[in-house]
Amino acid sequence: MFNPPPSLSILDIHAPRQDALNNHYVRVVHVNGVHHIALVTCPCHGAEAIHADLMYCRLVPTTFTRYQTLFSVAVLDDFRISNLECKASAYQYFQKLRRLTYPMTPSRTPNLYQELLRLSRAWRWLKKIKWAGYGHETVDFNQPTPGELANFCPACPQSSINLPSNWKEDPNEWVYKRMFVADGNFKADHIRQKNKSEVWLSEGGGMMSKVVDYERFLESAVERRTKAPCSNQFRAIELAMLGSKACDVTGVVAVACARHGFFAPNGIANLFRGEQQKNVDWVLLQALKQTNVDPTQGAMLIYDIACQYFIHLQDRIGHLLPEKLSLDRAIGLFHVHGHKEECFFRFATSFIPGAAVTAGEILETLWSSLNAITPTVRTATLANRAETIDDHATDSNHKKMLNIVSTLCTRYAQASAMAQTTREYFKKLSSAASMANQRQWRKEIRHAESRRLADPTAMDILRVQKHKQNDKSMPYTEGRDHTLVEEWVQMALDVEEKHRGHSEQDDKHLQQLSESLNAQFLVLQTLQQRVPGISGDFNQIIGDTEPLFDDLDEEDLMICELNTSATQLASSPIEQIHSMPLHMPSTSQSPNSLHRAMELILREQQAARLLNSLRETIADKSFQYSHVLRVAPRKTVRSRARSAVIQLNDRISHYCRVYSRCQLAMTRLGAEKGILSKFRVLSKKDVKSSTALLDPNKPGSSTLQLSWIWQVESNIEQGSTQALQEFERVHWLRARAQKQRWEEEVTLVGYEMQWTVRFFIHKQEDWERRRTMANDNQATGPAAYAARKAEMWGWMAQDANYSFIKANSVYITPFL
C-alpha cells in the first residue's frame, strides 16, 4: 500500500476534486476510516432536498450548504456506543479512525475531530427527540419540558403510569412509599474555560437540570448550617468546599430511586462550592416533581448526612414541597457506620418499617461508571459536558430497565429464602425468652416506631441499656424429694462439676478443692453402696476427653493476655484431683437401664442449667466490654474491668468444660436424636461475646445472628439476670427487625413485578396512540415507527409477565 511522504497531505496525492462526470469528491467518514468518494446528487427534488436525500442514504452532512464531509449513520452510532460502553472520548475514537485509514502515517489523515465532536452532539439530540415521540407530536422540539427526554424506573410506583386506579384502597399502603437516595460526586468537576459561548441543544430536557431555573433557585435559597448532631465530621463535604479555584464546577449532586438505581429526570445538578444543602434541596424537589410522586404515597430520602440535613428542611423548602407529603429520612447502611451510635438506631434502614431490604448506597455504584467518562469533559463546554453526563445517565437507566425483569426475579428468590431463614431464627430466639418479656418488648418497639418520624430519639430503645452488674451465682436445687438412685446420680454430678470443671492456678484454692472433694468422694462411695442393683464392678472406666475451652480470649484487641490455660496448672494438688476415679453409669460399662435412664434425665436438666449459666456469663462479659472497657475514663477502671473479664472467662471456661462432658455423657447413654439436636456439641465460636453490644454500629451488626445456645428454650424456673434479659431484648429486637425487613422485601418485590408489567403496558398504549395519530395524518413513516415501538413494549410486557409467573407463585398478572 502506498503511503504519502511526510511533507504531503493526502488531499494532494491522487485526490482529484471531481470525477470524469464533474461530480465533486467528498470525504465520507465510516467505521473503517476516512474515504474520498465522488458525490452524485439527484436533481429531481431540487437542490434544497439534497440534505434530505443524504439522510435517506444514511449519510449525515456536517453543513447544510456546501457538502464536503459526510458521516455515515453507522459511524455515529458506533461512536455513541463506544462512548457509552468503552468510555472513549471523541478524540480517542477519531484517532482510531485515522489509524484505520493510514496505519503507517495516521497523522496525514484529515483531522475531522471537531466535525465529529459537533455532529455527534447533534446526532445524540436527534435520537433523543425521536425516542421521545417528537416525530408524532405537534410540539416545539427546541423547548422540551423538564425531564421529557429522560427515562425512569418501571418498578417504582408512579401514579397515572403503572398503578391501578384503586391503588389508594390497598391495605398495604406502605408499599407505595417512594424511596430516593441523594449523593454528591466531586470527581465530576469542570475547569473554567476562557470561551464563554455555549450552544444548548436540549437544556433541562433530560437528567440535568435547566441552568436558568437552577441558578434562580440558588439565588433565593436559604442555607442554614447546623451543628452536626453526631460525631461524623463530614470531611468529604468540607474538603470539597476547598476545591481548586481553576474549577467553575466542583462536581454534581444527584437523586435516584433507592430501590433500583434509576437516575431521576432533572435530578442531576452542578455543585459550585461543595455539597451544600440548597443543592440537595433542588434535586430533591425536581425528583419529587418529575417522577409523578403523589402526596398520599409519602416519600423517603436516604442521604449520607440525613441526621443533619433534615433539621431545618421545612424552614428551607417546606413551602415548595407537595402539600400533605410525609417525607421520611434515612442514612445508607455504609455511611451510617461512620456516624455516632445514635444515628445507627435512628436512621439505619434496617430499623425503619416499610423500608424493606434497601441499602441506600446504590448511587455509589452509579458514580463508579460515570466517573470513567467525566474526566473526558473536564475541559469541554458546559453544554457539551451536561449533554454527555445526561446521555450516560439516561443510558444507565436504559440498561437497568432491560435487566429489571431478571433483577426482580433474582431478588424475589433471595428474599423468599432469607424471609424463611429469619423467621425460623426469630422463632427460635423467641422460644428462649419469656412470653411476658416479649409482650413488653413488642409494645415498646411499636410505640417507638409510631413516634419515630416526629421524634427520632424514640428509636434509642434499640440501644443497650445500662444495668447493675449481677455477679451472684445461681445454685441449682431440684425442689422435691429424691429417690435413692436419683440422689446418688445427682451427688455424682455435683462432684463431677468440681472434679473436672476447674482450672484455677491458685495452689491454696486447689488444696481447698482437693480436701473438699476427698470428703465428698467418701460420702458418694457410701451412698453408692446403698443403691440396689449395682454389681460393684466399676473397674472399667471409659476414657475421658481432653480439657476444652481453656483460652477464650477472642477480644485480644482489648485484653492483651488472659492466662487461663489448664496446661499450666500446679502439678501436685490438681493431679491428685484428676486421679480420683468417678464411677457413674455413663463413665463405666454398667448395664443397668434404670440407672442409665435416671442419669440421662438429670443430664438433660444439667445441660439446660449450664447453658443458662453460659448465657448469663456471656451477657455479663459483653456488658463489661460495652459499658466499662469502651468508656473507661481511667487506667485503673480499665484494669479492674480486665480483671473482671478474666474472672468471667474462667467461669465461661468452667461451664463449657462441664457442659461438654455432660453432652458426651448423654451421647454415651444413648440419648434420642431430638435431645442431641437440642443440646449440640459446643465450640468456641458459640460462646463469643456479642458484637451487637461490643460495637452496635459495626458494619454487619444489623444482620447479626446468635449461636444456637441462645435459641434453646430455657426450662430453668429462676429469674434471669438483668444482663441476660437485656442481652435477649437487644437481640430479639434486632431479629424482629431483620425478619420484618425481609418479609417486607418479599411483599414489595411482588408489587414491583406488577408495576413493571403495567409500566410496559403504559408505554405500549402510548405508542399505539401515536400510531393512530400518524395514521390519521397519513404519515406512513411515523406510523410504522410507532407500530414498531408499540410492538416492542408489548413484547417486553408479555415477556416480563411470563417470567414473573414462573418466579413468583402468588404473582397476580395485570393482564387479567
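Positions are given from 1, in the same order as the sequence printed here.
N266 contributes no side-chain N or O that, together with a main-chain N or O of A287, makes up a donor-acceptor pair within less than 3.5 Å. Judged purely by atom type and a 3.5 angstrom limit, E745 uses its side chain to pair as donor or acceptor with the backbone of V357. Side chain of Q286 to main chain of S209: no donor-acceptor pair is present (N/O by atom type, distance under 3.5 Å, no hydrogens or angles). In this structure a side-chain-to-backbone donor-acceptor pair under 3.5 Å is present from E744 to G354. Judged by distance alone, with hydrogens and angles left aside, the side-chain atoms of S450 form a donor-acceptor pair with the main-chain N or O of H447 at under 3.5 Å. Panel note: side chain R329, backbone L453; a donor-acceptor pair is recorded below 3.5 Å. A donor-acceptor pair under 3.5 Å is formed between the side chain of H337 and the backbone N or O of L333. With hydrogens and angles disregarded, no donor-acceptor distance shorter than 3.5 Å links the side chain of Q440 to the backbone of M435. Remark: the backbone N or O of D304 is paired with a side-chain donor or acceptor of H339 at under 3.5 angstrom. Looking only at distances, a side-chain donor or acceptor of T747 sits under 3.5 Å from a matching main-chain atom of E743.
Aromatic ring orientation, H260 versus F262: perpendicular (interplanar angle above 60°, classes split at 30° and 60°). Between F760 and W793, the two ring planes are tilted [angle within 30° to 60°]. Classified by interplanar angle (parallel below 30°, tilted 30° to 60°, perpendicular above 60°), the ring pair F351/F345 is tilted.
Summarising the geometry, atom CG belonging to L733 is positioned 14.0 Å from atom CZ belonging to R463; distances are rounded to the nearest 0.5 Å. Between W367 atom CH2 and K187 atom NZ the span is 12.5 Å, to the nearest 0.5 Å. The OG1 atom of T756 sits 14.5 Å away from atom OH of Y751, with the distance rounded to the nearest 0.5 Å. Atom CG of N292 and atom OG of S160 lie 5.0 Å apart (nearest 0.5 Å). How far CG of L163 is from CD of Q754: 10.5 Å, rounded to the nearest 0.5 Å. Here the straight-line distance linking atom CD of E728 with atom CD of Q438 works out to 9.5 Å at 0.5 Å rounding.
For R452, the side chain to side chain contact (heavy atoms under 4.5 Å, CB included) partners at least two apart in sequence or on another chain are D328, I352, P353, M459. Scanning for salt bridge (charged side-chain N to carboxylate O under 4.0 Å, His left out) contacts around D460 gives R346, with sequence neighbours left out. For F152, there are no ring-ring contact (aromatic ring centres under 6.0 Å, His included) partners two or more places apart in sequence or in a different chain. By the side chain to side chain contact (heavy atoms under 4.5 Å, CB included) test, A436 pairs with S434, R439, sequence neighbours left out. Applying the ring-ring contact (aromatic ring centres under 6.0 Å, His included) criterion to F804, with sequence neighbours excluded, gives Y811. Partners of D455 under the salt bridge (charged side-chain N to carboxylate O under 4.0 Å, His left out) rule, at least two apart in sequence or in another chain, are R451. The side chain to side chain donor-acceptor pair (under 3.5 Å) search around D315 returns R224, not counting sequence neighbours. Residues that satisfy the side chain to side chain contact (heavy atoms under 4.5 Å, CB included) test with K289, not counting sequence neighbours, are absent from this structure. Every residue two or more places apart in sequence or in another chain that forms a side chain to side chain contact (heavy atoms under 4.5 Å, CB included) with T296 is listed here: W167, K168, D294. Applying the ring-ring contact (aromatic ring centres under 6.0 Å, His included) rule to W732 yields the partners F426, W441; only residues at least two apart in sequence or on another chain are considered. R446 meets the salt bridge (charged side-chain N to carboxylate O under 4.0 Å, His left out) test with no other residue; sequence neighbours excluded.
Counting heavy atoms from C-beta outward, C156 and T291 have side chains that stay 4.5 Å or more apart. Put simply, the side chain of Y802 does not reach to within 4.5 Å of the side chain of Q798, judged on heavy atoms. At a threshold of 4.5 Å between non-hydrogen side-chain atoms, the residues I461 and I445 count as touching. The side-chain heavy atoms of L327 and L313, taken from C-beta on, include a pair separated by under 4.5 Å. At a threshold of 4.5 Å between non-hydrogen side-chain atoms, the residues Q297 and P157 count as touching. Between V293 and Y176 there is no side-chain heavy-atom pair separated by less than 4.5 Å. Side chains of I268 and V253 form no contact here, defined as non-hydrogen atoms less than 4.5 Å apart.
Closest heavy-atom contact between A356 and R259: CB-NH1, 3.8 Å. In terms of heavy-atom proximity, A800 sits nearest to V405 at CB-CG2, 3.6 Å. Between G298 and L325, the closest heavy-atom pair is CA-CD1, 3.8 Å.
Side-chain contact check for E424 and Q420: at least one donor-acceptor pair (N or O, by modelled atom type) lies under 3.5 Å. Inspection of the S350 and R741 side chains reveals no N or O donor paired with an N or O acceptor under 3.5 Å. No side-chain N or O of D183 forms a donor-acceptor pair with one of Y303 less than 3.5 Å apart. N801 and T813 share a side-chain donor-acceptor pair at under 3.5 Å.
Comment: R758 does not engage E752 in a salt bridge, judged by the lack of any side-chain N to carboxylate O separation of less than 4.0 angstrom.
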_Pair K278-R316, side-chain contact (heavy atoms from CB on, under 4.5 Å): steps then yes or no_ = CA-CA 8 Å; K278 55 188 177 183; R316 298 194 310 269; over 6 Å; no
Step by step, would you call L370 with L366 a side-chain contact (heavy atoms from CB on, under 4.5 Å)?
CA-CA 6 Å; L370 198 62; L366 302 180; over 6 Å; no
Checking K177 against M300 for the side-chain contact (heavy atoms from CB on, under 4.5 Å) test, could you report, in this order, the C-alpha distance in whole Å, the side-chain angles of both residues, the deciding distance, and whether it holds? CA-CA 7 Å; K177 177 185 287 188; M300 175 191 294; 4.1 Å; yes
*asked:* Applying side-chain contact (heavy atoms from CB on, under 4.5 Å) to F263 and S396, what does each step give before you reach the verdict?
replied: CA-CA 8 Å; F263 285 104; S396 173; 4.2 Å; yes
Exercise. For R736 and E449, run salt bridge (charged side-chain N to carboxylate O under 4.0 Å, His left out): C-alpha distance rounded to whole Å, both residues' side-chain angles, the deciding distance at 0.1 Å, then the answer.
Key: CA-CA 13 Å; R736 172 185 177 273; E449 290 172 345; 3.1 Å; yes
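The 12-atom threshold is exceeded at CD of E444, counting heavy atoms of other residues, nucleotides or ligands nearer than 6.0 Å.
Considering L301, T349, L748 in turn, L748 is the only one that fulfils the side-chain contact (heavy atoms from CB on, under 4.5 Å) rule with M179.
Counting only residues at least two apart or in different chains, salt bridge (charged side-chain N to carboxylate O under 4.0 Å, His left out) contacts with residues 357-367 are absent.
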